[in-house]
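Bear in mind that the values here come from a model prediction, so they are computed numbers and not experimental data.
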Amino acid sequence: MALVQRRIGWIFALFFFLLLAAAGRTFYLGVLRSSSLREAASNEQLSYGPVPAARGTISDRNGIDLAVSEPAQDISATPYLVSDPVAAAAKLAPLLGQSATWVLGRLTGGGGFQYLARGLPEAKAQAVLALKIPGITGTPAMRRVYPRGTLAGQLLGVVGTEGSGLAGLEYSSNSLLSGHTGQRRVVSDARGQPVSISEVHPEQPGSSLSLSLDANVQQRAEDVLGAVGSVFEPKDATAIVMDPRNGEILAMASWPSVNPNEPARAPASALENRAIGFAYEPGSTFKVMAIAGALQQGLITPETSFNVPDKIQVANRTIHDDTEHAEETLTPGQILAQSSNVGAIKIGMLEGASNFNDWVHRFGFGEPTGVALPGEESGAVLSLEHYSGSSMGNLPIGQGELVTPLQMASAYAAIADGGILHQPRLLRSAGGRAVPEAPGRRVISARTAAEVRHMLEGVVAQGGTASEISVPGYRLAGKTGTASKVDPLTGEYSKSAYVASFIGFAPASDPRLLCAVVVDEPQLRSIYGGAVAAPAFAQIMSFALAYLRIPPG
């Protein structure tokens, strides 16, 4: 009996000791270590993550979406939690659009975190998460989508994986488009799977932008440039369509095209917006500046006659017309129509270097136009103190200065709009609020502008350098340009590399639409602005005038 009682006593003592040990452990964990353990548990099971804001939509003037944001998820893996990497890779690969080998490499590559996909569309992301593979999680993201594919790709630009604009309008208007990121609270189980998600701070979507661009005019311009690329095989080409009355840009196209949905598939050069980034010598399209200035100063009239030989000596340079001819008598309009270098130089020399230089700056050359796009070039114009004895032999004919296609389009728009130079306008509204139109400034009188417009009609008339183009029912006005490029190896003008251009507007008496086409280094069939760029101008304008219901005239 005594033995039994002793055994019961030992058992009681053992249980009492165990109870004391448990109480001590509880005290240790619950009191002494409670703070550190709560923090550890929180780190393991509780996390806070960003809730990306929807980026603002970019649409054309008619509400057609050009860039939108869609819900997506970033799919990631915690490799050590994936119990069967081979089986997981086989299931994930088709949903991620990757090979099983690539996915397996991510799942077995070591480390505690691996991205499997960034910005995966929501439907595919849900299919991935529905597999319920331990260690595979999704984080909310937004995916930038360009519904019209290549349309205006260089102008719109691209967005990086972190949701910020990297190029084009996406970059220059990033602060408007990006919005403000929210925050969410996620409670996960021991296997890393979320069991509770709550929103702590709501996200604020970005402002939507409405552009002056017209998607249909833009599409036509891109289609025409694509045909130019196929026929003449140039390095690149650009076209601008503008309303000269207020500077609104209806199209700004570049070729080769780029799809901002897949920017990595295009060469880096294709991402450049050539309308604002291509600095070139304008050639004969610049002759209009010399003539407009001389008319405004009263140095010439539309009836003034000039004796024009086929060549002229200016200091140490001899400048020729395009073709050899006997001395002839030409008016300023005929000088433009036939694109006479000698005639334009004679008019420029009447103005003199100082006055000519003033007109170059008044028309906006040598500085950015101020359009709402990044990477705009200023061009380069010679400062007056650097003029040489021969400068007035090349500057009036568009040699020795660099311009951009948009600068040239803006200058011609001033002539089309009665002498008012407008800042090119791309943004019409942001966040539902109208973007104010910048006031224009007068550079020449309405009378001078009308006289120049009438002269430019001769370029597309019989005997002009673009006499073969027409748009039935409309009187056209414009100017061709064929500019030899400087060979960077020799420093001399190339005999094989040219820029072909045409800038014009319609109806000639009351211009409502302007189009500039610039083609860099056409290789086949022709190099001349009248044969390469002028037909492209006519094709774009033929569509746009009818589509916009601009009355014939």
Side-chain angles (χ1 to χ4, degrees), residues 52-73 118-125 140-181 203-223 225-226 239-243 248-254 257-263 265-266 270-271 273 275 371-374 424-435 543-544 547-548:
R55 197 169 174 82
T57 297
I58 302 176
S59 59
D60 84 338
R61 65 191 301 118
N62 299 312
I64 296 175
D65 289 342
L66 304 177
V68 298
S69 288
E70 296 180 350
Q73 294 206 40
R118 303 295 300 272
L120 191 67
E122 186 65 23
K124 289 186 178 180
M142 298 303 295
R143 177 171 174 260
R144 199 60 164 168
V145 177
Y146 302 88
R148 298 292 293 266
T150 59
L151 188 79
Q154 292 88 350
L155 184 150
L156 294 172
V158 294
V159 174
T161 55
E162 300 302 323
S164 294
L166 301 180
L169 193 64
E170 296 277 23
Y171 175 79
S172 61
S173 297
N174 188 64
S175 60
L176 290 171
L177 292 164
S178 58
H180 297 284
T181 301
E203 77 279 9
Q204 295 180 9
S207 298
S208 293
L209 303 183
S210 175
L211 308 184
S212 60
L213 218 66
D214 188 296
N216 292 320
V217 178
Q218 177 77 23
Q219 187 66 66
R220 179 58 175 169
E222 293 187 10
D223 290 345
L225 289 187
I240 300 165
V241 180
M242 179 187 289
D243 185 339
E248 284 196 339
I249 297 169
L250 279 74
M252 183 180 280
S254 295
S257 62
V258 61
N259 188 340
N261 291 308
E262 302 173 316
R265 294 195 175 189
L271 287 168
N273 186 342
V371 70
L373 289 169
R425 176 175 164 86
L426 185 61
L427 295 181
R428 299 187 89 193
S429 69
R433 297 182 178 181
V435 175
F543 168 82
Y547 164 74
L548 296 172

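Side-chain contact between Pro121 and Glu70: absent, with no pair of heavy atoms (C-beta onward) separated by less than 4.5 Å. No side-chain heavy atom of Val241 sits less than 4.5 Å from a side-chain heavy atom of Asp214.
Between the OG atom of Ser210 and the CG atom of Leu426 there is a distance of 10.0 Å, given to the nearest 0.5 Å. Between atom CD of residue Gln73 and atom CZ of residue Arg143 there is a gap of 13.0 Å, rounded to the nearest 0.5 Å.
The minimum heavy-atom distance linking Pro374 with Tyr171 is given by the pair CB-CD2, 3.7 Å. Across all non-hydrogen atoms, the minimal contact from Pro260 to Gly157 is CB-O, 3.4 Å. In plain terms, the two heavy atoms of Ala275 and Ser254 that are nearest each other are N-OG, 4.3 Å. Considering all non-hydrogen atoms of both residues, Leu373 and Asn273 come closest at CD1-ND2, 3.7 Å. When all heavy atoms of Arg148 and Asp65 are compared, the pair lying nearest together is CG-O, 4.1 Å. A pairwise comparison of heavy atoms in Met142 and Pro71 identifies CE-N, 3.8 Å as the closest pair.
The one candidate from Ile240, Leu213, Asp243 that meets the side chain to side chain contact (heavy atoms under 4.5 Å, CB included) condition with Leu250 is Asp243. Here the options are Val435, Leu177, Leu66, Thr57, the test is side chain to side chain contact (heavy atoms under 4.5 Å, CB included), and the partner is Leu209; only Leu177 passes. The only member of Ile58, Asp60, Ile249 that meets side chain to side chain contact (heavy atoms under 4.5 Å, CB included) when paired with Leu211 is Ile58.
Side chain of Arg61 to backbone of Ser212: a donor-acceptor contact under 3.5 angstrom is found. Checked by atom type and distance alone, the side chain of Gln218 pairs as donor or acceptor with a backbone atom of Met252 at under 3.5 Å. The closest donor-acceptor contact from the side chain of Gln154 to the backbone of Ala270 lies under 3.5 Å. Of the possible donor and acceptor atoms, one in the side chain of Ser172 sits under 3.5 Å from a partner among the backbone N and O of Ala372. Counting only distance, with no hydrogens or angles, the side chain of Asn62 and the backbone of Ile64 share no donor-acceptor pair below 3.5 Å. Not one N or O on the side chain of Gln219 forms a donor-acceptor pair closer than 3.5 Å with the backbone of Leu151.
Donor-acceptor pairing under 3.5 Å is recorded for the side chains of Arg55 and Asn174.
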